Peer 1: 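This is the structure I have questions about; it appears just below.
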Amino acid sequence: MYSVRMRAERSKKHISGAERIVEEENISAAVSMLAERALCHERGKPEFINISVEALRTPIKSVNSLPLILTQVEDSKEGKALARKLLLTLKIPLLCIEKALALLEGGPADGENMRGAVIMNMLGERLEPDKHRGIRASRMDISREASGELEHTIADAGLMSYYTYISEALVLATKVSSVEGTIAELCWSDDPSYTAGYVASRELGYVRIPYLKQKGDNHGGRVFFVNNIDIRNYVHEMENTPVLVNKFGGLKEISMDRI
Ligand code: WAQ
Ligand code: MG
């Protein structure tokens with residue numbers, strides 16, 4: 001199997017990134033699909049596109065996706081209130097939660113978006129070695145069967161127009177939560193038209209929140225909340241261990257009296 005990865009930049013600023021894990025005969029289709037993605041992004045035309053293809057030499061971890069939990073909120077204020085509650089339920093200290101929200105609101109790389117994620121410990125300290133780039137979860141994908149199951153569920157929920165966003169984010173969050181030491185992840189998109197985000201964790205699943213920012217806001221990002229990690233091992237596993245989602249974890253409801 002091969003890892004095919006794309007990232008696009010303009011004026012040294014991150015525009016988009018995406019990746020697949022494919023068999024040899026599907027490499028060229030994946031490359032052209034990713035090139036197309038890079039060229040038609042709402043954040044702008046890239047001046048630099050990097051697409052890499054690499055044979056995977058480590059065994060692929062096959063996992064079930066996190067369960068998907070759909071929530072409804074009126075606006076980003078309500079969305080953030082829900083995200084705070086979920087993170088508190090997961091025992092993330094309020095100080096860390098507020099710091100993470102403020103970072104994503106203002107652009108965690110000195111006012112710009114990062115290419116990767118912030119790693120935050122339970123003291124609110126940022127552990128990612130490069131505060132501009134951040135850490136990228138990488139080498140992950142979803143099998144055709146699992147994406148078929150996910151597609152059914154998303155279609156039934158009337159969310160088909162967001163399918164690519166949801167599928168890619170669910171795969172990423174599943175990989176992130178599978179790395180030992182991750183307690184939770186907070187994310188919202190940096191695409192100005194896309195207001196949705198999520199709080200993901202092994203304990204509660206992928207809780208999708210339709211509004212975490214206002215339309216038109218081009219800030220976004222990810223924070224991985226961690227406890228007791230060795231940063232080098234953590235980053236190594238996040239970037240390198242190949243993960244394939246082979247089964248969709250299903251649509252779940254969350255009992256709101258827990259949060
Ligand atoms: N690893 C770590 N951080 C990443 C990665 C990665 N592979 N890819 C993106 N990021 C960070 C980076 O800082 C981006 O600026 C930020 O996340 C947002 O990336 O409807 O679209 O690709 O359920 O814009 C979530 C909601 C959508 C989906 C997330 O993220 C839904 C999204 P984007
Ligand atoms: Mg984006």
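We count ligands from 1, going down the list as the structure has it; atoms in each ligand are counted the same way. What you see is a predicted model, and the numbers here were worked out from it, not measured in a lab. Keep in mind that the numbers below use all heavy atoms, side chains included, and drop hydrogens, waters and symmetry copies.
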Peer 1: Does a sphere of radius 6.0 Å around NZ in Lys77 hold more than 12 heavy atoms from other residues, nucleotides or ligands, not counting ones at 6.0 Å or beyond?
Peer 2: no

Peer 1: Got the closest protein heavy atom to atom 10 (N) of ligand 1, with its distance?
Peer 2: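 Ranked first by proximity to atom 10 (N) of ligand 1 is Arg222 NH1, 3.4 Å.
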
Peer 1: Do NZ/NE/NH1/NH2 and the carboxylate oxygens of Glu47 and Lys45 come within less than 4.0 Å?
Peer 2: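 Looking at Glu47 and Lys45, the cut-off is not met.
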
Peer 1: Please list the nearest protein heavy atom to atom 20 (O) of ligand 1 with its residue and the distance rounded to 0.1 Å.
Peer 2: Tyr194 OH, 2.5 Å

Peer 1: Quick check on contacts: which atoms of ligand 1 are under 4.0 angstrom from a heavy atom of Asp191?
Peer 2: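 Those of ligand 1 that fall under 4.0 Å from Asp191 are 24 (O).
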
Peer 1: I need the nearest protein heavy-atom contact for atom 8 (N) of ligand 1: residue, atom name and distance, please.
Peer 2: Arg136 NH1, 3.3 Å

Peer 1: Is the backbone N or O of Glu149 less than 3.5 Å from a side-chain atom of Thr153, with the two atoms forming a donor-acceptor pair by type?
Peer 2: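 Yes.
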
Peer 1: Do the charged groups of Lys13 and Glu112 touch, with an N to O distance under 4.0 Å?
Peer 2: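 Judged by the 4.0 Å cut-off on N to carboxylate O distance, Lys13 and Glu112 do form a salt bridge.
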
Peer 1: Could you see which bit of Cys187 sits under 4.0 Å from ligand 1, with heavy atoms only: side chain, backbone, both or neither?
Peer 2: side chain

Peer 1: Can you name the atoms of ligand 1, numbered from 1 with element, that are less than 4.0 Å from a heavy atom of Tyr206?
Peer 2: 23 (O), 26 (C), 28 (C), 31 (C)

Peer 1: Please state whether the rings of Tyr194 and Tyr165 are parallel, tilted or perpendicular, taking 30° and 60° as the class boundaries.
Peer 2: parallel

Peer 1: Looking only at atom types and distance, does a side-chain atom of Arg133 sit under 3.5 Å from a main-chain N or O of Arg115, one as donor and one as acceptor?
Peer 2: no

Peer 1: For Tyr198 and ligand 1, answer yes if some heavy atom of the residue is under 4.0 Å from a ligand atom, otherwise no.
Peer 2: yes

Peer 1: Looking only at N, O or S atoms in Asp190, which is nearest to the Mg ion (ligand 2)?
Peer 2: OD1

Peer 1: Under a 4.0 Å N-O cut-off, is there an ion pair linking Glu105 with Lys213?
Peer 2: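 Salt bridge flag = no for Lys213 with Glu105.
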
Peer 1: Only N/O/S atoms count here: what is the atom of Asp191 closest to the Mg ion (ligand 2) called?
Peer 2: OD1

Peer 1: Nearest heavy atom to atom 27 (C) of ligand 1 wins, so pick from Ser189, Gly17, Pro192, Pro210.
Peer 2: Ser189

Peer 1: Looking at ligand 1, does Met238 have a heavy atom less than 4.0 Å from it?
Peer 2: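 No, Met238 has no heavy atoms under 4.0 Å from ligand 1.
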
Peer 1: Which value, rounded to the nearest 0.5 Å, describes the distance between Ile166 atom CD1 and Arg208 atom CZ?
Peer 2: 4.0 Å

Peer 1: Less than 4.0 Å between a side-chain N and a carboxylate O, is that true for Glu168 and Arg20?
Peer 2: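 So Arg20 does not pair with Glu168 through a salt bridge.
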
Peer 1: Using a 4.0 Å heavy-atom threshold (strictly under), name the region of Leu170 that reaches ligand 1: side chain, backbone, both or neither.
Peer 2: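 No part of Leu170 is near ligand 1 at this cut-off.
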
Peer 1: Which of the numbered atoms in ligand 1 are under 4.0 angstrom from any heavy atom belonging to Tyr165?
Peer 2: 21 (O), 28 (C)

Peer 1: Please state which part of Arg115 comes within less than 4.0 Å of ligand 1, counting heavy atoms only: side chain, backbone, both or neither.
Peer 2: backbone

Peer 1: For ligand 1, does Arg208 get within less than 4.0 Å through its side chain, its backbone, both, or neither, judged by non-hydrogen atoms?
Peer 2: side chain

Peer 1: For the pair Asp191 (side chain) and Ser193 (backbone), establish whether a donor and an acceptor sit closer than 3.5 Å, ignoring hydrogens and angles.
Peer 2: no

Peer 1: Closer than 4.0 angstrom, basic N to acidic O: yes or no for Glu237 and Lys61?
Peer 2: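 Looking at Glu237 and Lys61, the cut-off is met.
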
Peer 1: What is the closest protein heavy atom to atom 24 (O) of ligand 1, and at what distance does it sit?
Peer 2: Asp190 OD1, 2.7 Å

Peer 1: Keeping Thr182 on the side-chain end and Val176 on the backbone end, is there a donor-acceptor pair under 3.5 Å?
Peer 2: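 Here the side-chain-to-backbone pair exists.
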
Peer 1: Tell me, yes or no, whether the heavy-atom count around Glu74 atom CD, taken from other residues, nucleotides or ligands under 6.0 Å, exceeds 12.
Peer 2: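 Result for CD/Glu74: open.
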
Peer 1: Please write down residue, atom name and distance for the protein heavy atom closest to atom 11 (C) of ligand 1.
Peer 2: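 Here the nearest protein heavy atom works out to Gly116 O, 3.6 Å.
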
Peer 1: Please report which non-hydrogen protein atom sits nearest to atom 12 (C) of ligand 1, along with the residue it belongs to and the distance in Å to one decimal place.
Peer 2: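 The closest one turns out to be Met114 O, 3.2 Å.
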
Peer 1: Can you sort out which atoms of ligand 1 are near Ala137, meaning under 4.0 Å from one of its heavy atoms?
Peer 2: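 Under 4.0 Å from Ala137, ligand 1 has these atoms: 1 (N), 2 (C), 6 (C), 7 (N).
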
Peer 1: Just to confirm my output: which protein heavy-atom neighbour is closest to atom 2 (C) of ligand 1, and how far is it?
Peer 2: Ile135 O, 3.1 Å

Peer 1: Return the residue, atom name and 0.1 Å-rounded distance of the protein heavy atom closest to atom 16 (C) of ligand 1.
Peer 2: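 Among all protein heavy atoms, the one nearest atom 16 (C) of ligand 1 is Gly221 CA, 3.5 Å.
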
